[in-house]
Amino acid sequence: MAEVTSEQRGRVRVLFLDNPPVNGLGFDLRTGLMAGIEAAMADDDVDAVVIAGAGRMFSGGADITEFNTPKSSAEPFLTQVITAIETSSKPVVAAIHGVSAGGGLELPLGCHYRIAAKGTRLGLPEVNLGILPGAGGTQRMPRLTGVEAALQLIVSGDLVPAEKALALGFVDEVTDGDVVDAGVAAGERLAAGGELRRSSEVEDKIAGARGKPEIFEAFKKSIARKARGYEAPYACIESIENAVNMPFDEGLAAEREIFKRCVSSVQSKALRHAFFAEREAQKIPDVPKDTPKTDVTSAGVIGAGTMGGGIAMNFVNAGIPVTIVEAEQENLDRGLGVIEKNYANTVSKGRLSQDAMDTRMGLITGTTDMNHLAQAEVVIEAVFENMDLKKEIFGALDKICKPGAILASNTSTLDMDEIASATSRPEAVLGTHFFSPANVMKLLENVRAEKTSPETIATVMAMTKKIGKVGVLVGVCDGFVGNRMLYAYSRQAGFLIEEGALPQDVDKVIFDFGFPMGPFAMGDLAGLDVGWRIRQEQEATRPKDLRYSPTADRVCEMGRFGQKTSAGWYRYEDGSRTPVPDPEIEALILSVSEELGIERRAVSDEEILQRCMYPLINEGAKILEEGLAMRASDIDVVWLYGYGFPRYRGGPMFYADTVGVKHVYDTMSALYDEHGEWLKPAPLLKSLAESGKGFGDM
Ligand code: 3H9
């Protein structure tokens, strides 16, 4: 139950925010807090007030689940509560521990004194939800820290440690003792004398930036690349600039208006969807929270290639020792060398200390003897995609690994059930599909095979979190969720260039939509030979009555494998990663069109976007029908973290809802009539469209 409880300590009243799990400042808490403050102010036995959090943190901010509901617009607003605190005659102290985020920091900013326990993380992360701090944060923070620091903090949305908050000036004291005790002592001290410091009245730190728009313009330029497509960072900057140029009350009123504009925007809804989707993906209906699981404290990786090395780095980055097995010493040495070079690069950029690098390298053991995996709790196989080889490895691992150890495969295409059949413990076998580069990309598709046990799933989902990844549980099918949808999208990209577009036309539309790059530039980055090899293997089973684009194969036949050969769909100048359109490729594409008897035509940007994105959504719908993803929002998480789908669009299935599933269905139907089988609308898309529903209603 959400409530504010109180406790009298001498002549100090302590008010505890109590609304698990994060003490979200929803309607009940705001009401309780206002009543608690009013009661304390009216009580002659109270000289000072301390506000603290019950449970594991101070507060994670406003209750996001109340946004766009009547509760969020019911008084008292958080701003009113904070104003009541700041203007009160008795001192109010914030005693902060755990996390103080968003409204959960704006509240302390309105208090007269702030103490944080060591280990507390504080910040204003609203920007990540497509909004700005809307309870005075953009007005009070710059007054305490100065404009530059406030811009950094608010626009990055980062939570910073208590010590940094102290150095920046928005925390007054850091304690390693009991924070409530320290708060009570501070309350007594402040009550004993002296002026109360009200953040809204501090002027000296912002005065220097008044009438200087160039400060804000320069900051906008500095974030332009990272913030491309996002609205909220600019709303934050606008409001901080108001703080500098307007009297406090006016700035606060303007902040409220900008907040209202942001909170009802599609971007904010998409970003909030992404926030909850990521957490929802961790909930697996038949694997309840109390399912027994093993805490993974040692791991093995088979294969020291690009993927194997990247996977191993995740474990050691999280402090988990890892044994890497390679068949040949030479390949092992090369693989370990690549890992070392990767870390050394990070050290040279100042993002990792030499000590930390040494510790990490020290956690890696390389060997050519698989028997060294006997004690590992999880072994991840990352050799090349060959079923016979994988089955042989799993058969061997089954004999070597201790009972209960989990055997995982990093396959991106092969049937996990068949791999599991090579062992006597199919319940302990599953897929862990990392994305390249495996030490960077946050997504981990955990692939549940037919016999994978709930214990195995619980262990691997927990391990995923421990190594800093976002896990999504998916079912077995060709390409699993992410790549299966990618095929649907890149297939159309291939057809579009045969029909009249060029790679750079397609890539520009997809880039402008918000992806970091389009499908052709991405192919060049990932390496075109991988897909080529897979297509060659699948050639015999490929349905010959369906349209097939041969252009990608032709590019590979020219020895152009992408960035690694300085040529692919584009060419690359020496040492550069910038794709340059290549007349040779244009000539190739024109000749393929001619060979296929296709008369090239002008292809509009709108068609490019729809031909790429709608089949992607359609494939997602099929995946849902087949039960290979648990929820539409899980698919969104896969695309946000595995493929750079623009977060401010919420993921492909959320995006479908924003443009209207009926519109997607109607467009797909028209495309199907024109282009045939590959664009046949999924029955689920049809039924949602007909019932006027979206994926979010499922
Ligand atoms: C704001 O403050 C607006 C104001 O400026 C202006 C108002 C006028 N509300 O992440 P976890 C849920 S906007 C509702 O696993 P952790 C979460 O969904 C807010 N629910 O925990 C999950 O639910 P479940 C600005 C919330 O310890 C559970 O709590 N604040 C909220 O790893 C546990 O979450 C932010 O943007 C919320 N505010 O991390 C901070 N927060 O168990 C957003 C969490 O059912 N929150 N939940 O899956 C976070 O960044 C992290 O949750 C936090 C704790 C760091 C606080």
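Keep in mind it's a predicted model, so treat the numbers as computed, not measured.
- To the nearest 0.5 angstrom, Ile96 atom CD1 is 13.5 Å from Met57 atom CE.
- In this structure, Arg256 is positioned above the aromatic face of Phe77, its NZ or CZ under 6.0 Å from the six-membered ring centre and within 45° of the axis.
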Could you pull out all donor-acceptor pairs under 3.5 Å where a side-chain atom in residues 213-227 meets a protein atom, sequence neighbours excluded?
unit_1: Glu217; atom_1: OE2; unit_2: Lys220; atom_2: NZ; d: 3.2
unit_1: Ser222; atom_1: OG; unit_2: Phe219; atom_2: O; d: 2.7

Mind listing the side-chain donor-acceptor pairs of residues 314-322 below 3.5 Å, one per line with the distance, residues two or more places apart or on another chain?
unit_1: Asn314; atom_1: OD1; unit_2: Lys469; atom_2: NZ; d: 3.1
unit_1: Asn314; atom_1: ND2; unit_2: Gly310; atom_2: O; d: 3.1
unit_1: Asn314; atom_1: ND2; unit_2: Ala438; atom_2: O; d: 2.9
unit_1: Asn317; atom_1: OD1; unit_2: Tyr343; atom_2: OH; d: 2.5
unit_1: Asn317; atom_1: OD1; unit_2: Arg360; atom_2: NH1; d: 3.1
unit_1: Asn317; atom_1: ND2; unit_2: Met313; atom_2: O; d: 3.2

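- Cation-pi geometry between Arg228 and Tyr230 is not met: the NZ or CZ atom fails to fall both under 6.0 Å from the ring centre and inside 45° of the normal.
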> Checking side-chain contact (heavy atoms from CB on, under 4.5 Å) for the pair Ser353/Val347: CA distance, chi angles, key distance, verdict?
Replying inline: CA-CA 6 Å; Ser353 70; Val347 170; over 6 Å; no
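- Side chains of Thr297 and Glu377: a donor on one and an acceptor on the other come within 3.5 Å.
- For the salt bridge (charged side-chain N to carboxylate O under 4.0 Å, His left out) test with Arg261, the passing option among Glu238, Glu231, Glu255 is Glu238; the others fail.
- For the residue pair Asn68/Ser264, the side-chain donor-acceptor check at 3.5 Å is not satisfied.
- Proximity of the aromatic rings of Phe58 and His97 is defined here by a centroid distance below 6.0 angstrom, and this criterion is not met.
- What you find for Cys262 and Ala235 is that their closest heavy atoms are SG-CB, 3.7 Å.
- For the residue pair Glu86 / Ser200, a side-chain donor-acceptor distance below 3.5 Å is found, with atom types taken as modelled.
- One distance of note links CG of Leu17 with CD of Glu3; it measures 11.0 Å at 0.5 Å rounding.
- Asn128 CG to Asp158 CG: the interatomic distance, rounded to the nearest 0.5 Å, is 8.0 Å.
- Residues Val470 and Lys465 form no side-chain contact, since every pair of their non-hydrogen atoms from C-beta on lies 4.5 Å or further apart.
- Between Gln139 and Phe248, some side-chain heavy-atom pair lies under the 4.5 Å cut-off.
- The two atoms that bring Pro142 and Ile240 nearest to each other are CG-CG2, 4.1 Å, heavy atoms only.
- A donor-acceptor contact under 3.5 angstrom links the side chains of Ser453 and Thr456, judged on distance only.
- Note: Asp63 CG to Asp28 CG = 9.5 Å, rounded to the nearest 0.5 Å.
- Inter-residue side-chain proximity for Met630 and Ile284 is flagged as met; some heavy-atom pair is nearer than 4.5 Å.
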